[in-house]
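Encoded as structure tokens, the structure appears first; notes follow it.
Just so you know, these numbers come straight off a predicted model, no measurement behind them.
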Amino acid sequence: MRAVTVRPSAGQSLEVSEVPDPVPGAGELLVDGISVGVCGTDREIVAGGLGRAPRGEDRLIIGHESLGRVRQAPAGSGFAAGDLVVGVVRRPDPEPCGACARGEFDMCRNGRYTERGIRERHGYASRFWTVESDYAVRLDPSLERVGVLLEPATVLAKAWEQVERIGARSWFAPERVLVTGAGPIGLLAALLGRQRGLDVHVLDRVTSGPKPGLVAGLGATYHSGSIDDVAAALRPDVVIEATGAGDVVLGAMRGTASYGIVCLIGVAPEARRLPVAVGALNNELVRGNVAVVGSVNANPRHYRAGAEALRRAEPAWLERMITRRVPLRDAADAFTARDGDIKVVIDLD
């Protein structure tokens, strides 16, 4: 079968390769791949800055944002041929830490987890793939064109869970949310905020292209000014920070309302030194009871929550998020940025 592979740590090694067909083990589904999404992590792997092949192999099948259709399912698995499914990315290590042992492997303490398409496990960018039934999530059949958005949606399902758990430390009735960044993660953060009935505002640098219209399509408000000006005007109760840019992160922490919560989900593309009045920032956070939390990855309950969020969303809006589809034979084109790209998808069938 054909698959998108790289030699980790070696830039310019991406190939559409012929690899052996997968053979499902006990309790595993055999799945026809439909599509995989491309994100910043994939681009970093292709550039040679991230990724590990399975032990004893020199190439890694990439792709962690999966979508497929079950071809074969074992009896008693709860799945049947024809089901639309997504595979969970992370697995706990064989000798799990306390968090992994309790099913919270997205909060792994020892760092010995593995990840499909990223770290020591082949991914989903292939014509067929297998997945343990416990690590597969069924999607509503209506999501065949857009279900590849589930994995990024799980990141936001977890982020919002973290916000709500922290808010529950006391009375919590947020009204206004600021999302920084209008890429796929930011747009999905806005979607989940609107589904909670909140007044959502999205900040991004661009003033044209599809982003402002996608934000407006949610009934949210788009901004393109500075983080300091926008935050000062809004005084948001919650900030979902999806850029990783240092000045935006600092502005988000400075600009929340009293008792605000800042959830950091963006990763900085490169280290950059910024002058920070640490004492003043500390005093603002302390005196305002402001909480700052980082959040990454997801576990199966977040996949289920993300699947429900996508089911409730307007399909046409989700379709507009996918701005470019690339056939498997031209997979390398998915890693060449183009103006107006939001979510790029590789179609596998």
Under 3.5 Å: donor-acceptor pair, side chain of [X], backbone of [Y]:
X: Asp140; Y: Arg311; answer: no
X: Ser17; Y: Val19; answer: no
X: Asn283; Y: Ala280; answer: no
X: Arg116; Y: His122; answer: yes
X: Arg320; Y: Ala316; answer: no
X: Asp83; Y: Val85; answer: no
X: Asn299; Y: Asp106; answer: no

To the nearest 0.5 Å, what is the distance between [atom1] ([X]) and [atom2] ([Y])?
X: Ile261; Y: Phe172; atom1: CD1; atom2: CZ; result: 4.0 Å
X: Ile62; Y: Leu50; atom1: CD1; atom2: CG; result: 11.5 Å
X: Leu143; Y: Glu319; atom1: CG; atom2: CD; result: 11.0 Å
X: Asp93; Y: Glu95; atom1: CG; atom2: CD; result: 7.0 Å
X: Leu30; Y: Arg71; atom1: CG; atom2: CZ; result: 6.0 Å
X: Thr323; Y: Arg338; atom1: OG1; atom2: CZ; result: 10.0 Å

Apply side chain to side chain contact (heavy atoms under 4.5 Å, CB included) to Leu328 and Arg127, showing your working. CA-CA 9 Å; Leu328 176 58; Arg127 281 291 296 116; 4.1 Å; yes

Would [X] and [Y] show up in the same hydrophobic cluster when neighbours are defined by side-chain heavy atoms closer than 4.5 Å?
X: Val6; Y: Leu348; value: yes
X: Ile185; Y: Val86; value: yes
X: Ile265; Y: Ile166; value: yes
X: Leu187; Y: Leu150; value: yes
X: Leu156; Y: Trp317; value: yes

Within-4.5 Å side-chain heavy-atom neighbours: [X] and [Y]:
X: Val293; Y: Ser295; value: no
X: Val148; Y: Ile322; value: yes
X: Val4; Y: Val36; value: no
X: Leu60; Y: Arg52; value: no
X: Val31; Y: Tyr124; value: no
X: Arg145; Y: Arg325; value: yes
X: Arg254; Y: Asp228; value: yes
X: Phe335; Y: Ile346; value: yes

Heavy-atom closest contact ([X] atom, [Y] atom, distance):
X: Val249; Y: Gly244; value: CG2-C, 4.2 Å
X: Gly117; Y: Ile45; value: O-CD1, 3.5 Å
X: Val88; Y: Pro300; value: CG2-CG, 4.4 Å
X: Pro96; Y: Asn110; value: C-ND2, 4.2 Å
X: Ser35; Y: Asp347; value: CB-OD1, 3.6 Å
X: Val89; Y: His64; value: CG2-O, 3.3 Å

Among residues at least two apart in sequence or on other chains, which ones pass salt bridge (charged side-chain N to carboxylate O under 4.0 Å, His left out) with Glu175?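 Here no residue qualifies.
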
Does the side chain of Thr5 come under 3.5 Å of the side chain of Arg59 through a donor N or O and an acceptor N or O?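 There is such a pair (donor and acceptor under 3.5 Å, judged by atom type) between the side chains of Thr5 and Arg59.
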
Is it true that the side chains of Glu15 and Ser13 contain a donor and an acceptor less than 3.5 Å apart?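 No, because no side-chain N or O of Glu15 sits under 3.5 Å from a partner of the opposite role on Ser13.
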
If the plane angle is over 60° it's perpendicular, under 30° parallel, otherwise tilted; pick one for Tyr135 and Phe105.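 If you compare the ring of Tyr135 with that of Phe105, the planes turn out tilted.
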
Would Leu191 and Leu188 count as a side chain to side chain contact (heavy atoms under 4.5 Å, CB included) if you check the C-alpha gap in whole Å, the side-chain angles of each, and the deciding distance to 0.1 Å? CA-CA 5 Å; Leu191 170 68; Leu188 290 167; 4.1 Å; yes

Kindly determine whether Glu161 and Lys158 satisfy salt bridge (charged side-chain N to carboxylate O under 4.0 Å, His left out), including the steps that lead there. CA-CA 5 Å; Glu161 177 190 85; Lys158 177 182 175 180; over 6 Å; no

Quick one, Arg329 with Val16, criterion side chain to side chain contact (heavy atoms under 4.5 Å, CB included). Give me CA distance, side-chain angles, the key distance, then yes/no. CA-CA 7 Å; Arg329 65 178 180 274; Val16 178; 5.9 Å; no

I need the single residue from Asp237, Thr256, Leu198 that forms a side-chain contact (heavy atoms from CB on, under 4.5 Å) with Arg176. Which is it?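 The single option meeting the side-chain contact (heavy atoms from CB on, under 4.5 Å) with Arg176 is Asp237.
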
Arg301 and Glu104: salt bridge (charged side-chain N to carboxylate O under 4.0 Å, His left out), yes or no, with the steps? CA-CA 10 Å; Arg301 75 170 177 275; Glu104 305 283 347; 3.0 Å; yes

Using salt bridge (charged side-chain N to carboxylate O under 4.0 Å, His left out) as the criterion, point out the one residue from Arg90, Arg121, Arg91 that pairs with Glu115.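 In the set Arg90, Arg121, Arg91, the residue that makes a salt bridge (charged side-chain N to carboxylate O under 4.0 Å, His left out) with Glu115 is Arg90.
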
Does [atom1] in [X] sit with more than 12 non-hydrogen atoms of other residues, nucleotides or ligands closer than 6.0 Å?
X: Arg109; atom1: CZ; answer: no
X: Asp339; atom1: CG; answer: no
X: Arg169; atom1: CZ; answer: yes

Mind listing the side-chain donor-acceptor pairs of residues 209-218 below 3.5 Å, one per line with the distance, residues two or more places apart or on another chain?
none

Chi angles and distances behind the side chain to side chain contact (heavy atoms under 4.5 Å, CB included) call for Met253, Glu284: CA-CA 9 Å; Met253 290 192 288; Glu284 289 184 42; over 6 Å; no

Show, in sequence, the C-alpha distance, side-chain angles and deciding distance for Glu144 and Arg69, and conclude whether the salt bridge (charged side-chain N to carboxylate O under 4.0 Å, His left out) test is met. CA-CA 9 Å; Glu144 182 171 1; Arg69 189 174 300 283; 3.0 Å; yes

